[in-house]
Amino acid sequence: QKEVEQNSGPLSVPEGAIASLNCTYSDRGSQSFFWYRQYSGKSPELIMSIYSNGDKEDGRFTAQLNKASQYVSLLIRDSQPSDSATYLCAGLSGNTPLVFGKGTRLSVIA
Amino acid sequence: KAGVTQTPRYLIKTRGQQVTLSCSPISGHRSVSWYQQTPGQGLQFLFEYFSETQRNKGNFPGRFSGRQFSNSRSEMNVSTLELGDSALYLCASSLSSGSINEQFFGPGTRLTVL
C-alpha cells in the first residue's frame, strides 16, 4: 500500500524563524510531489510542486526532494503567524491517485 | 481564471437519504478527483474522472458513485446516508491525468448527516 507519512505536530516556531516540514513516502515509483496548505475550515491550497531531486524555491518556500531516501521537505523562511496552518504532503505516480499524508500542523508564535 | 466551484457548500441530511454534490473544474481542466476529509482519516480518495471515464476508484462502498459530463463538470452521489458519511467532500481538478499534473481544490461541500 502506498503511504505518505508526516509528523502530525504541532510544530511550533517563533515568528521569523525557519519552519521545516518533513514527509517520507513508501512508493519508489512516485514521480511528483506536492505541498498543500490548509487553513482550519478551508480547502487545501497548492503551494509547491517538485518533480526532480534537489531544491526548488518559490519566495519564502523551498521544497526539497531526495528520491534515493524517499524524502520530501518544505522549508518556510521568515515564518509569519499567517503561515499557521496544516501542511499536507502528497505524492503521485503515473495515473494512480494522489496519495496524501495526514498533515503537519504548524503554529507560528508571534 | 475562475477556480474550482462546488455546490452546495453546506448540506444537512438524515440517515437513509441520498445526496448529490456538484463540481465545476477550472476551465480547460479535464480531470476531476473527489476526496472525503474527516478529522480522523485525513484526505481519502474517492474517485477520479477523466474525459467522462472513471479512471481510478478508492476503497469506498458502492453507495458512493460519481460521473462526469462532456463539459468536464462532475457529480458525486451518496445513497443511503450513514452518520459516518459526515465529512468535508472536496473535488480537485487538473489539466489531464498523469504524474505531472497539479490538482487544484474547490472550497468543498460540508455534509452533516443526522
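The shown structure was predicted, so the numbers you read here are calculated from the model rather than taken from an experiment. We name chains A, B, ... by the order of the sequence lines, and we start the count at 1 in each one.
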Is it the case that atom CZ in B:Arg73 sees more than 12 heavy atoms from other parts of the structure closer than 6.0 Å? yes
Are more than 12 heavy atoms, taken from residues, nucleotides or ligands other than B:Lys57, located less than 6.0 Å from that residue's NZ atom? yes
Can you find a heavy atom in the side chain of B:Phe45 that is under 4.5 Å from one in the side chain of A:Phe100? no
Would you check if B:Val4 and A:Ser43 make a side-chain contact, meaning some heavy-atom pair closer than 4.5 Å? no
Report yes or no: do B:Phe105 and B:Met76 belong to one cluster of Ile/Leu/Val/Met/Phe/Trp/Tyr joined by side chain heavy-atom distances under 4.5 Å? no
In this structure, would A:Phe33 and A:Val4 fall into the same cluster of hydrophobic residues linked by side-chain contacts under 4.5 Å? yes
Could you report the tightest heavy-atom contact between B:Glu102 and A:Ser49, atom names first, then the distance? OE2-OG, 2.6 Å
Under 6.0 Å from the CG atom of B:Asn71, do we count more than 12 heavy atoms belonging to anything else shown? yes
Within-4.5 Å side-chain heavy-atom neighbours: A:Tyr36 and B:Gln103: yes
Considering heavy atoms only, which positions within residues 69-84 of chain A lie below 4.5 Å of chain B? none
Under 4.5 Å heavy-atom distance to chain B, tell me which part of A:Gln38 shows up: side chain, backbone, both or neither. side chain
Among pairs that include at least one residue of residues 76-110 of chain A, which meet disulfide bond (SG atoms under 2.5 Å apart), considering only residues two or more places apart or in two chains? A:Cys23-A:Cys89
Determine whether A:Val99 and A:Leu21 fall in the same hydrophobic cluster, where Ile, Leu, Val, Met, Phe, Trp and Tyr are linked whenever their side-chain heavy atoms lie under 4.5 Å apart. yes
Which residues pass the salt bridge (charged side-chain N to carboxylate O under 4.0 Å, His left out) test with A:Lys2, not counting sequence neighbours? A:Asp27
Report whether B:Phe64 and B:Tyr35 are members of the same hydrophobic cluster (ILVMFWY, side-chain heavy atoms less than 4.5 Å apart, transitive linking). no
Give, as side chain, backbone, both or neither, the part of B:Phe47 having an atom under 4.5 angstrom from any heavy atom of chain A. neither
Is the shortest side-chain heavy-atom distance between A:Leu98 and B:Ser33 below 4.5 Å? no
Just verifying a value: how many Å separate B:Gln37 CD and A:Leu88 CG, rounded to the nearest 0.5 Å? 7.0 Å
Once side chain to side chain contact (heavy atoms under 4.5 Å, CB included) is applied, do any residues pair with B:Val19, and if so which ones, sequence neighbours excluded? B:Leu11, B:Lys13, B:Leu21, B:Val78, B:Leu81, B:Leu111
